[in-house]
Amino acid sequence: MSEGTFYIKVYGCQMNVYDGDRLRAAMNGMGWSEAEEIDGADFAIFVTCSIRDKAEQKVISELGRFRQQWESNKRPAFAVVGCMAQRTGEGLTRRFPWVRVVAGPRSLGAVPEAIAASRKGGGAVLLLDESPTELTDLACVPETRENAHKAYITISHGCDQFCSYCIVPYVRGRFGSRAPGSVLEEARRLVARGAGEITLIGQNVNSYGADFARDPKLSGYRFARLLADVSEIEGLKRLRFTTSHPVDFTDDILDVMASGKNVCPSINLPVQSGSDKVLREMNRKYRRDEYLAAIGRIRAALPDVGLTTDLIVGFPGESEEEFGESVSLLERVRFDLVHTAAYSPRDGTPAAARSDQVPKRDRARRLAAVNAIQARISAGINAPLVGETFEVLLDEAAPKGEGLLQGRTVSDKVVLVSAPAGMTGTLRSVRITGSSAWCLEGELI
Ligand code: SAH
Ligand code: SF4
Ligand code: F3S
């Protein structure tokens, strides 16, 4: 008999997708069944994000919708877990009495039991991470994934970089690498179950293994080794990783990418700013010229590489000239895609305490300007691809458009293809017939 029904909704980054998939496996394992809709579920689990204020506001407004339902039939109850749960803590249960479990990202392992216990009554359960180094992890690996054809594997927890704008080190705690054996075992299982593509994920994957130094058996086992070992798995078509940090992006990683047959030539290398002054104040630990040199080394080793970056505009104290240096860096590198964001102050971070915040309207104006510039650059990169043929891994139905599947090239460009749903999960040759700044369109050949 089913213990009850649960519904999971994931906000934020791929690490949350992975955590949501693991929670799903744990709940199923305890005899719960997953509901299609949130209305009518006994328990709703929100896996939340704190990276910007907007990410938190989405969850707050979604939670607010359930007052009436809760008052009339006491369903669904909520478990709010992850980064925002850690940051907001107990206040959530006071504001929304239907929130019965609040758990930080290092306490996920205790969530399924807490949900089961809370159904039997009693007060709200708070599982906030008191220590940034202790970890009550979910032992299970995801059984079903949000997408069975492209799977994520978290290879490290937390982050020790402390970029001055960023909340992640405070909510996710200290950096720690998963043992290579458990990553490899999970990867093998995924491939055996039909995953064609695996993405290794972490806030800073390149520092994988930095914490193994004191273990004589693992000392020296770093990210490049892990990448090489996973890429050897028989049957794995494509291997990716994200996110990289310019400081730790060493040449041995490029060597593995250049020699491996299945490591995709696509790299997300967040730059955050093109100004040395802003980079210093962001505590990014590299200069503009060092970043550009890294891009030069990458392009020399991987001529067809797809390059993306993350950029923040309107960091405290950023002048128009310094903003212009970010624009000129985009013009110079010509990234395939840029994840742009207007700076959002996060309480408790050093940047949020500064008195020289850039006015909101200036941040918004800079964001719109940089987006327009990058749209022109991306469109200019994509247009000449019309007529070319690429191997595309079709991985899911396109979000819009009847009969369209969506896939990616090795360089990580999105391609929309008219194809039967049965082709999902297969590699196909696709001729490009159209392009925009955001994606390509193509036909099967
Ligand atoms: N670990 C990765 C990504 C971290 S979060 C890295 O080091 O780049 C993803 C992106 O969110 C960041 O790259 C950054 O561009 C953005 N971001 C983080 N904190 C932010 C803030 N306070 N305001 C606006 N954007 C932010
Ligand atoms: Fe945040 Fe910097 Fe860590 Fe990325 S590297 S998660 S931006 S502190
Ligand atoms: Fe958000 Fe936490 Fe990921 S703050 S971006 S969910 S690590």
Side-chain angles (χ1 to χ4, degrees), residues 9-20 46-59 80-88 103-106 108 129 132 152 154-176 200-208 210 241-249 267-274 278-279 281-286 291 308-316 318 326 335 337-354 357-358 360 363-364 366-367 370:
K9 182 155 182 180
V10 174
Y11 300 83
C13 67
Q14 290 158 347
M15 313 202 51
N16 274 6
V17 175
Y18 184 80
D19 288 345
F46 280 3
V47 189
T48 61
C49 174
S50 273
I51 202 77
R52 286 178 281 275
D53 188 50
K54 224 197 261 167
E56 295 197 350
Q57 289 315 319
K58 264 196 244 167
V59 173
V80 182
V81 306
C83 297
M84 172 189 171
Q86 177 66 20
R87 211 186 70 78
T88 19
R106 302 183 82 89
L108 283 194
D129 309 339
Y152 300 120
T154 291
I155 63 168
S156 61
H157 306 279
C159 181
D160 289 354
Q161 294 291 336
F162 287 95
C163 301
S164 63
Y165 50 83
C166 184
I167 195 73
V168 171
Y170 304 90
V171 287
R172 288 251 167 187
R174 294 293 58 74
F175 179 81
L200 305 178
I201 57 172
Q203 286 302 351
N204 177 2
V205 286
N206 310 140
S207 43
Y208 179 84
F241 56 88
T242 194
T243 303
S244 297
H245 193 294
V247 162
D248 293 320
F249 199 91
I267 297 170
N268 176 235
L269 197 64
V271 66
Q272 312 298 4
S273 168
V278 175
L279 284 172
E281 292 174 2
M282 285 177 161
N283 192 29
R284 288 293 288 182
K285 309 183 189 87
Y286 53 84
Y291 182 88
T308 61
T309 198
D310 298 6
L311 182 80
I312 297 175
V313 301
F315 181 82
E318 183 189 72
S326 290
F335 295 98
L337 192 91
V338 180
H339 310 280
T340 54
Y343 168 73
S344 169
R346 312 312 292 132
D347 274 350
T349 61
R354 288 176 56 157
Q357 303 289 326
V358 173
K360 220 172 172 172
R363 283 182 262 157
R366 288 177 197 175
L367 183 64
V370 85

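All ligand and atom numbering here is 1-based and tracks the order in the structure.
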Exercise for the section: Carefully, step by step, assess Thr340 and Val313 under the rule side-chain contact (heavy atoms from CB on, under 4.5 Å). Expected result: CA-CA 8 Å; Thr340 54; Val313 301; 5.8 Å; no

Exercise for the section: Please check if atom NZ in Lys360 has more than 12 non-hydrogen atoms from other residues, nucleotides or ligands closer than 6.0 Å. Expected result: no

Problem - Within-4.5 Å side-chain heavy-atom neighbours: Phe315 and Ser273 - result: no

Problem - Thr48 side chain reached by Arg87 side chain, heavy atoms, under 4.5 Å - result: no

Handout entry: Note, Gln203 side chain near Phe175 side chain (heavy atom, < 4.5 Å)
Key = no

Practice task
Kindly say whether Asp129 contributes a backbone atom to a donor-acceptor pair with the side chain of Gln86 at under 3.5 angstrom?
Solution key: yes

Exercise for the section: Among all protein heavy atoms, pick the one closest to atom 7 (S) of ligand 3 and tell me residue, atom and distance. Expected result: Gln203 NE2, 3.1 Å

Practice task
Evaluate the side-chain proximity of Tyr165 to Gln272: yes if any heavy-atom separation is below 4.5 Å, no if none is.
Solution key: yes

Practice task
Please indicate how many protein N/O/S atoms are found closer than 2.8 Å to atom 3 (Fe) of ligand 2, with waters neither displayed nor included.
Solution key: 1

Completion exercise
By salt bridge (charged side-chain N to carboxylate O under 4.0 Å, His left out), Arg52 pairs with (sequence neighbours left out) none

Inventory of protein N or O atoms under 3.5 Å from ligand 1 N or O:
from: ligand 1; atom 1: 1 (N); to: Gln203; atom 2: O; distance (Å): 2.7
from: ligand 1; atom 1: 1 (N); to: Gln203; atom 2: OE1; distance (Å): 2.8
from: ligand 1; atom 1: 7 (O); to: Arg284; atom 2: NH1; distance (Å): 3.4
from: ligand 1; atom 1: 8 (O); to: Gln272; atom 2: NE2; distance (Å): 3.2
from: ligand 1; atom 1: 11 (O); to: Arg52; atom 2: NH1; distance (Å): 3.4
from: ligand 1; atom 1: 13 (O); to: Gln272; atom 2: NE2; distance (Å): 2.8
from: ligand 1; atom 1: 13 (O); to: Asp310; atom 2: OD2; distance (Å): 2.6
from: ligand 1; atom 1: 15 (O); to: Gln272; atom 2: OE1; distance (Å): 2.8
from: ligand 1; atom 1: 22 (N); to: Tyr165; atom 2: O; distance (Å): 3.0
from: ligand 1; atom 1: 22 (N); to: Ser344; atom 2: O; distance (Å): 2.8
from: ligand 1; atom 1: 23 (N); to: Ser344; atom 2: N; distance (Å): 2.9
from: ligand 1; atom 1: 25 (N); to: Arg52; atom 2: NH1; distance (Å): 3.0

Problem - Worked check of salt bridge (Lys or Arg N to Asp or Glu O under 4.0 Å) between Asp53 and Arg363 - result: CA-CA 14 Å; Asp53 188 50; Arg363 283 182 262 157; over 6 Å; no

Handout entry: Metal environment of atom 1 (Fe) of ligand 3, protein N/O/S under 2.8 Å
Key = Cys49 SG

Exercise for the section: Show your reasoning for whether side-chain contact (heavy atoms from CB on, under 4.5 Å) applies to Phe335 and Leu311. Expected result: CA-CA 11 Å; Phe335 295 98; Leu311 182 80; over 6 Å; no

Handout entry: Ser164 and Asn283 side chains, donor-acceptor separation under 3.5 Å
Key = no

Handout entry: Minimum-distance protein heavy atom relative to atom 7 (S) of ligand 2
Key = Tyr165 OH, 3.4 Å

Practice task
Start with the C-alpha distance between Tyr291 and Leu279, add both sets of side-chain angles, then the distance that settles side-chain contact (heavy atoms from CB on, under 4.5 Å), and finish with yes or no.
Solution key: CA-CA 11 Å; Tyr291 182 88; Leu279 284 172; 5.9 Å; no

Exercise for the section: Test side-chain contact (heavy atoms from CB on, under 4.5 Å) on Gln161 and Asp248 and set out the steps. Expected result: CA-CA 11 Å; Gln161 294 291 336; Asp248 293 320; 3.8 Å; yes

Problem - Under 3.5 Å donor-acceptor, Gln14 side chain and Thr154 backbone - result: no

Handout entry: ligand 2 contact by Arg284, heavy-atom criterion under 4.0 angstrom
Key = yes

